[in-house]
Protein chains: 2
Amino acid sequence: MLGKVMKVSESTGDTRSRIQAVALELFTEEGYEKTSLREIAERLGVTKAALYYHFKSKDEIVNSFVEDRIGLMDELIEWGEAQPPTVESRRTLVVRYAEQFFGTNRHTVMRFFEQNQTALKSLSAGKEMRARMIRVADLLARPETSHEAQVRAALALFAVHSSWFAIRDPSVTDEDRRQISLKLAYELLDKIGETAQAA
Amino acid sequence: MLGKVMKVSESTGDTRSRIQAVALELFTEEGYEKTSLREIAERLGVTKAALYYHFKSKDEIVNSFVEDRIGLMDELIEWGEAQPPTVESRRTLVVRYAEQFFGTNRHTVMRFFEQNQTALKSLSAGKEMRARMIRVADLLARPETSHEAQVRAALALFAVHSSWFAIRDPSVTDEDRRQISLKLAYELLDKIGETAQAA
DNA sequence: GTCTATATGTAGATAGAC
DNA sequence: GTCTATCTACATATAGAC
């Protein structure tokens with residue numbers, strides 16, 4: 001999935017993908033700033049120079065695996081904007097968000113974002129993603145503009161994320177985590193727009 | 001407050017405190033790893049060597065302002081452990097947590113933790129704080145051991161934190177943020193232990 | 001208590017051979 | 001496509017003068 005968009009003309013998509021995978025893991029586990037290109041190269045059994053053949057800089061590696069996540073978020077936002085601000089569509093929006101989070105190659109990329117919030121402030125990919133998270137939260141809060149609704153929306157999204165680490169038992173399946181997070185997200189979201197609904 | 005524990009014999013507590021304040025701000029805004037001692041020194045109008053007179057290393061600066069937060073958390077945990085696992089004591093626990101968060105010199109230290117989770121993994125102060133956060137969450141989940149209760153507890157704590165950044169309007173007062181976060185924390189926590197209560 | 005000067009390491013990144 | 005070798009910059013940290 002990581003090298004999916006790549007043209008076939010670039011023959012050895014293998015090394016490129018392996019760089020992305022290792023970088024994503026290390027960036028998530030020990031942080032973007034602390035992870036050196038030397039470390040990534042060593043883990044792969046190549047030299048730093050090889051990395052620079054595939055990516056022109058360190059933050060380009062980040063961009064490469066963040067790109068398609070941004071694309072998915074854009075689809076989600078576009079869909080959400082076309083929906084009426086009802087309990088139903090709020091629920092569906094968070095369900096779709098959770099699908100992205102738990103789907104495809106697991107939650108690796110989202111965990112990377114979570115763990116590198118600060119470092120990502122100075123990376124373009126980080127700013128792009130940040131803006132989209134805020135947009136999704138705003139869509140969830142609609143039609144309310146109250147501060148409480150804003151926090152409810154943020155908590156609903158965080159429910160999806162936190163089910164990953166707050167449940168420390170590693171034997172719990174992704175599906176179980178997903179269900180718990182959605183139950184709590186519903187609980188939080190369903191109280192949004194009650195005044196508007198009643199009116 | 002930052003240099004409170006300091007002995008009076010150390011005459012110029014001023015510079016030491018100013019280093020802590022500037023470091024805390026920069027570590028929070030742009031990240032621990034990315035912030036250099038040169039940057040901190042320049043901002044204060046001194047040289048790096050001066051910093052090393054007051055602190056023997058970079059992570060010692062972190063320890064210095066984290067220490068008393070750890071102490072407060074320990075008091076909180078000790079108090080919590082002595083309470084019965086009821087709706088009432090759960091509420092009071094999160095109220096006290098919020099007091100720590102919003103109290104004293106604002107939420108600066110807690111924001112620093114939030115923004116540097118990954119970097120703090122390799123710092124002793126980080127590991128210490130992390131363990132205490134988990135302990136508080138466990139106390140909130142009692143007497144339940146269900147996964148859902150664990151997520152409820154984590155979300156309740158995050159409600160306190162998120163009220164700081166999820167409400168983007170800067171004119172909202174700390175008191176308003178505190179009230180909103182507690183309302184939502186109650187909502188989440190009050191459903192813990194319902195089976196045990198009923199039994 | 002703060003300075004100048006410097007030691008020492010490692011980071012990201014490039015040139016050019018193979 | 002990957003290598004060796006190297007550049008440049010900046011990091012943390014220390015020694016010793018004032």
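In what follows, chains carry the letters A, B, and so on, assigned in the order in which the sequence lines appear, proteins first and then strands, with residues in each chain numbered from 1. Values reported hereafter were calculated over all heavy atoms of this structure, with side chains retained and with hydrogens, waters and symmetry mates removed.
Distance, A:Tyr53 OH to C:dA17 P: 18 Å, rounded to whole Å. Protein atom CD1 of A:Ile61 is 9 Å distant from nucleotide atom P of C:dG12, rounded to whole Å. In this structure, A:Glu39 atom CD and C:dG12 atom P are separated by 10 Å, rounded to whole Å. As rounded to whole Å, 13 Å separates atom C1' of D:dT14 from atom CG of B:Leu37. If you take NZ of B:Lys48 and P of C:dT8, they are 15 Å apart, rounded to a whole angstrom. Atom OH of B:Tyr52 and atom C1' of D:dA13 are 5 Å apart (whole Å). Rounding to whole angstrom units, CZ of residue B:Arg38 and C1' of C:dT4 are separated by 17 Å. The separation between A:Lys34 atom NZ and C:dG9 atom P is 19 Å, rounded to whole Å.
Residue A:Thr15 places no side-chain N or O under 4.0 Å from the OP1 or OP2 atom of D:dG1.
With rounding to the nearest 0.5 angstrom, the CD atom of A:Gln115 is 5.5 Å from the CD atom of B:Gln117.
Nearest-nucleotide assignment on DNA chain C puts the 5′-proximal partner with A:Tyr32, out of A:Ala49 and A:Tyr32.
For A:Lys58 and A:Tyr32, the positive end sits near the middle of the six-membered ring, less than 6.0 Å away and at most 45° from its axis.
Using cut-offs of 30° and 60° for the angle between ring planes, the B:His161 and B:Tyr97 rings count as parallel.
Salt bridge status for B:Arg91 with B:Glu88: absent, with no side-chain N to carboxylate O gap under 4.0 Å.
Side-chain atoms of A:Lys58 lie closest to C:dA13 of the nucleotides C:dT14, C:dA13, C:dC3. Distances from the side chain of A:His54 to the nucleotides D:dT2, C:dT4, D:dT4 place D:dT2 closest.
When heavy atoms are screened at a 4.0 angstrom cut-off, A:Ser36 is found touching the sugar-phosphate backbone but no base atom.
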